[in-house]
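One structure is given below, encoded as structure tokens.
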Amino acid sequence: MNKKDYIIRLEEKKDYREVENLVRESFWNVYRPGCSEHYVIHTLRDDEAFIPELDFVMEKDGVLIGQNMFMKTIIEADDGRVVDVLTMGPIGITPELKRKGYGKAILDYSLEKATKMGFGAVLFEGNIDFYGKSGFDYACKFGIRYHDLPEGADASFFLCKELIPGYLDGITGVYQTPQGYYVSDEDVEAFDKAFPPKEKLKLPGQIF
Ligand SMILES: CC(C)(COP(=O)(O)OP(=O)(O)OC[C@H]1O[C@@H](n2cnc3c(N)ncnc32)[C@H](O)[C@@H]1OP(=O)(O)O)[C@@H](O)C(=O)NCCC(=O)NCCS
């Protein structure tokens with residue numbers, strides 16, 4: 001990746017459909033046959049937990065090649081406190097440009113912006129092989145548990161990064177995924193019909 005060959009800027013209304021198509025291309029057949037993330041992003045923009053100041057696109061040669069966004073959520077602490085945190089995603093890079101450093105570039109840029117806005121920590125589901133390079137660690141190391149996960153179950157998918165060092169010191173508790181991320185298969189199907197046809201494939205490595 002040439003460091004100067006892209007810009008990162010806030011998403012604008014005029015970008016919405018292009019971004020949804022980008023997200024669809026990026027996630028298609030990765031975690032399941034087809035994907036739901038393009039519909040998720042479509043609905044999240046209208047959610048009160050959505051943060052427009054942290055809704056970024058990456059542009060190269062006038063074409064959108066990546067995006068990332070954040071939502072507000074909470075940790076329900078074991079001592080009764082409610083701790084405000086961020087969650088993140090979808091984050092996606094156009095398929096032709098994956099594994100060239102663009103994902104890390106938009107991730108690090110957006111984390112820096114979130115830090116400047118004063119947010120304390122980011123938690124979400126992801127692959128440590130990618131996010132570990134940007135300072136994420138397993139959330140269990142911070143004493144934070146994933147909602148609805150049976151005790152002893154593998155939680156290595158659940159990651160955390162403090163944006164304010166020590167923000168989660170002295171806190172144990174349960175992280176809650178914002179409701180906006182849950183969409184029905186029927187709604188995804190209906191939304192997907194407005195996009196060009198794509199073949200859904202069952203592939204090794206998919207988790208759903
Ligand atoms: C995940 C994603 C955003 C990463 O962006 P990217 O531009 O492809 O990643 P980068 O080139 O910046 O990766 C930096 C490093 O992270 C690691 N990494 C990135 N993607 C990885 C993956 N899928 N598995 C393992 N390690 C990965 C690698 O070490 C990589 O360096 P390398 O290519 O020199 O080995 C992008 O691949 C994508 O859009 N994937 C599909 C959608 C998705 O899964 N989104 C994330 C959901 S949590």
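Predicted, not measured: the structure shown is a model, and the values here were computed from it.
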>> Test salt bridge (charged side-chain N to carboxylate O under 4.0 Å, His left out) on E112 and K116; report intermediate values, then the result.
In response: CA-CA 6 Å; E112 200 182 304; K116 283 198 177 128; 3.5 Å; yes
Non-hydrogen atoms of [X] and [Y] that approach each other most closely:
X	Y	result
C35	V188	O-CG1, 3.6 Å
L44	P90	CD1-CD, 4.4 Å
Q67	I41	NE2-CD1, 3.7 Å
D129	K133	O-CG, 3.8 Å
V30	S26	CG2-O, 3.5 Å
P52	L10	O-CD2, 3.6 Å

> Does the side chain to side chain contact (heavy atoms under 4.5 Å, CB included) test come out yes or no for L64 and R9, once each step is laid out?
Replying inline: CA-CA 10 Å; L64 299 185; R9 61 168 175 81; 3.7 Å; yes
Distance in Å, [X] [atom1] paired with [Y] [atom2], rounded so as to fall on 0.5 Å steps:
X	Y	atom1	atom2	value
F136	C160	CZ	SG	8.0 Å
K200	K202	NZ	NZ	12.0 Å
D78	T172	CG	OG1	3.5 Å
H38	N21	NE2	CG	8.5 Å
E125	I207	CD	CD1	9.0 Å
T87	I74	OG1	CD1	12.0 Å

Let me check something: do [X] and [Y] share a hydrophobic cluster, defined by ILVMFWY side-chain heavy atoms less than 4.5 Å apart, either directly or through other members?
X	Y	result
M69	Y6	no
Y31	L201	no
L149	I144	yes
L107	I65	yes
Y109	F124	yes

Side chains of [X] and [Y]: closer than 4.5 Å at any heavy-atom pair?
X	Y	answer
L22	E25	no
T43	D187	no
M88	Y131	yes
E18	V57	no
I128	L159	yes
F158	L123	yes
D15	E59	no
V183	F191	no

>> Can a side-chain donor-acceptor contact be found between Y102 and T94 if the only test is distance below 3.5 angstrom?
In response: no
>> Among D55, I91, L86, exactly one meets side chain to side chain contact (heavy atoms under 4.5 Å, CB included) together with F70. Which residue is that?
In response: L86
Are the side chain of [X] and the backbone of [Y] linked by a donor-acceptor contact shorter than 3.5 Å?
X	Y	result
D47	A49	yes
R145	A155	no
N29	E199	yes
E162	L168	yes

>> Using ring centroids (six-membered ring only for Trp), state whether Y146 and F157 fall under 6.0 Å.
In response: yes
> Could you walk me through whether K72 and D84 pass the side chain to side chain contact (heavy atoms under 4.5 Å, CB included) check?
Replying inline: CA-CA 7 Å; K72 291 179 193 159; D84 291 325; over 6 Å; no
>> salt bridge (charged side-chain N to carboxylate O under 4.0 Å, His left out), that's the test. Do R24 and D192 meet it? Break it down for me.
In response: CA-CA 9 Å; R24 183 177 185 250; D192 195 64; 2.7 Å; yes
>> Does K14, at its NZ atom, have more than 12 non-hydrogen atoms belonging to other residues, nucleotides or ligands within less than 6.0 Å?
In response: yes
>> Other residues, nucleotides and ligands only: do more than 12 of their heavy atoms fall within 6.0 Å of CD on E48?
In response: no
> Taking the six-membered ring of F195, is NZ or CZ of R17 closer than 6.0 Å to its centre and within 45° of its axis?
Replying inline: yes
>> Set out, in order, the CA-CA distance, both residues' side-chain angles and the distance that settles side chain to side chain contact (heavy atoms under 4.5 Å, CB included) for T73 and T177, then state yes or no.
In response: CA-CA 7 Å; T73 189; T177 298; over 6 Å; no
> Does the pair M117 and L163 meet the rule for a side chain to side chain contact (heavy atoms under 4.5 Å, CB included), with working shown?
Replying inline: CA-CA 10 Å; M117 284 178 74; L163 302 179; over 6 Å; no
